[in-house]
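Below: one structure, written as structure tokens.
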Amino acid sequence: PMILYGINQCCQSPEIEAYLFLGVPNDEFVLKDVLINKLKSKTFVFKDYEDNKYTVQMKDVKVYREGTGAWFTIDSKIRNSSNIILLDIGGRTINMIVSRKGVIQTEYVTTIRDCGMIKLYKDLNLEYSKQIGRRQGENTIHLVPDLIDSKLINLSEDRYANIIRQQINEIYARIQTIPNYGIYDIYLSGGGAETFLPLFLEKLNDNTIQIVNDYLFANRKGAVKIARTIKEWKDVWSNNV
């Protein structure tokens, strides 16, 4: 349903021929062939909430690792001459892409589960609830960004900063599995890039750390860039984009 919803948002024609480039967490990449077999050359018929009918024919399907898209937005000269660890900090996962001189080191590519902004907001909300005496069962996680903006939750205070440090420590443990990890430049992308940056600098002060350009949309932009390089899709992209 999420795939069909995304296609519908991109193109609201009643009949759609889709060339799907699907991003999955790194640890689900092993399901690539399963996903392709379930989707490729299949036709799906559905209705939206206004009862409009749509038909989507999946002409072709390819699968890529989440985080790879953001990695491709880094300037090619930098990618090809540097050692890079890219951390794509999403809502439910953090995907780590590791490359040396432009070659992704798949043995160190990984997904950290139960990590990311949704868990962070949940934990910050629990701590804030404890501070003000609010019942912890209240579902007010959606208020956390506003509480941060208004400084009611101050991420520089230890009680809140330590919550971010817990996730960073888990990420750091993964980074330490990479031989000579100190020689890598670290790039952050995704919705958590700005939130995590200050405490990453504190933990990994021997590494160069920066946020990729347009970090919120880097995965999407990189995915488009990859798709446009796929040989058999070139004509489709050049005629329609």
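Position 1 is the first residue of the sequence, and the numbers go up from there. Computed from a predicted structure; not experimentally measured.
No path of Ile, Leu, Val, Met, Phe, Trp and Tyr side chains, each step under 4.5 Å between heavy atoms, connects Tyr108 with Phe29, placing them in separate hydrophobic clusters. There is a path of hydrophobic side-chain contacts, each under 4.5 Å, that joins Leu22 to Ile36. Using a 4.5 Å cut-off between side-chain heavy atoms of Ile, Leu, Val, Met, Phe, Trp and Tyr, with links allowed through other members, Val24 and Ile112 fall into different hydrophobic clusters. In terms of hydrophobic clustering, with Ile, Leu, Val, Met, Phe, Trp and Tyr side chains grouped at heavy-atom distances under 4.5 Å, Leu216 and Ile118 are assigned to different clusters. One hydrophobic cluster, built from ILVMFWY side chains closer than 4.5 Å, cannot hold both Val45 and Met58; they sit in different ones.
The distance from the CD atom of Glu157 to the NZ atom of Lys151 is 10.0 Å, given to the nearest 0.5 Å. Rounded to the nearest 0.5 angstrom, Ile226 CD1 and Lys221 NZ are separated by 14.5 Å. The line from OG1 of Thr68 to CG of Asn219 is 8.0 Å long, rounded to the nearest 0.5 Å. For the atom pair CD1 (Ile141) and CG (Leu147), the distance works out to 12.0 Å, reported to the nearest 0.5 Å. Here the straight-line distance linking atom CD1 of Ile153 with atom CG of Leu143 works out to 9.0 Å at 0.5 Å rounding. Between the CD1 atom of Ile85 and the CZ atom of Arg100 there is a distance of 10.5 Å, given to the nearest 0.5 Å.
Nearest heavy atoms, Trp71 versus Ser99: NE1-OG, 2.9 Å. Across all non-hydrogen atoms, the minimal contact from Val56 to Ala18 is CG1-CB, 4.0 Å. Smallest separation of non-hydrogen atoms from Ser189 and Asp88: OG-OD1, 2.7 Å. Here the closest non-hydrogen pair linking Val212 and Ala218 is CG2-CB, 3.9 Å. Between Pro198 and Thr195, the closest heavy-atom pair is CD-O, 3.6 Å. Contact between Ile94 and Gln167 at its shortest, heavy atoms only, is CD1-OE1, 4.1 Å.
For Lys225, the NZ atom counts as densely surrounded, since its 6.0 Å shell holds more than 12 non-hydrogen atoms of other residues, nucleotides or ligands. Atom CD of Glu15 is surrounded by 12 or fewer heavy atoms from other residues, nucleotides or ligands within 6.0 Å. Counting non-hydrogen atoms of other residues, nucleotides and ligands closer than 6.0 Å to CZ of Phe46 gives a total above 12. Surrounding NZ of Lys62 are more than 12 heavy atoms belonging to other residues, nucleotides or ligands, all under 6.0 Å away. The environment of CZ in Arg92 is sparse: at most 12 heavy-atom neighbours from other residues, nucleotides or ligands sit within 6.0 Å. Around NZ of Lys38, the count of heavy atoms belonging to other residues, nucleotides or ligands within 6.0 Å does not exceed 12.
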### Task
Report the C-alpha distance between Glu194 and Tyr215 in whole Å, list the side-chain angles of each, state the deciding distance to 0.1 Å, and finish with yes or no for side chain to side chain donor-acceptor pair (under 3.5 Å).
CA-CA 9 Å; Glu194 279 194 325; Tyr215 60 93; 3.0 Å; yes

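Ring geometry for Tyr172 versus Tyr181: interplanar angle over 60°, hence perpendicular rather than tilted (30 to 60°).
Within the 4.5 Å cutoff, the side chain of Leu20 has no heavy atoms near those of the Asp60 side chain. Side-chain contact between Leu87 and Phe200: present, with at least one pair of heavy atoms (C-beta onward) separated by less than 4.5 Å. Side-chain contact between Tyr187 and Asp185: present, with at least one pair of heavy atoms (C-beta onward) separated by less than 4.5 Å. Thr110 is not listed as a side-chain neighbour of Asp27, based on a closest heavy-atom distance of 4.5 Å or more. Using a 4.5 Å heavy-atom threshold, the side chains of Ile178 and Tyr184 count as touching. In this structure, the side chains of Asn169 and Lys203 come closer than 4.5 Å at one or more pairs of heavy atoms.
Remark: side-chain polar atoms of Thr93 are not paired, donor with acceptor, to backbone N or O of Asn95 under 3.5 angstrom. A donor-acceptor pair under 3.5 Å links the side-chain atoms of Asn37 to the main chain of Asp33, judged by distance alone. Within the 3.5 Å criterion, the main-chain N or O of Asp48 finds no donor-acceptor partner in the side chain of Asn52. Using modelled atom types, one side-chain atom of Gln105 and one backbone atom of Val103 make a donor-acceptor pair closer than 3.5 Å. Under the 3.5 Å distance criterion, the side-chain polar atoms of Asn8 are left unmatched by any main-chain donor or acceptor of Leu4. Checked by atom type and distance alone, the side chain of Arg79 pairs as donor or acceptor with a backbone atom of Phe72 at under 3.5 Å. Listed for the Asn26 side chain is no donor-acceptor partner under 3.5 Å among the backbone atoms of Val109.
With no hydrogens or angles considered, no side-chain donor-acceptor pair links Tyr160 and Asn154 at under 3.5 Å. Side-chain contact check for Gln166 and Glu170: no donor-acceptor pair (N or O, by modelled atom type) lies under 3.5 Å.
In this structure, the ring pair (Phe, Tyr, Trp, His ring centres under 6.0 Å) partners of Tyr64, at least two apart in sequence or on a different chain, are Phe21. Evaluation of the ring pair (Phe, Tyr, Trp, His ring centres under 6.0 Å) rule for Phe44 yields no partner, not counting sequence neighbours.
No option in Ile175, Ile211, Thr208 other than Ile175 meets the side chain to side chain contact (heavy atoms under 4.5 Å, CB included) test with Ile186.
One finds no salt bridge joining Arg65 and Glu28 here, because no Lys/Arg side-chain nitrogen approaches an Asp/Glu carboxylate oxygen to under 4.0 Å.
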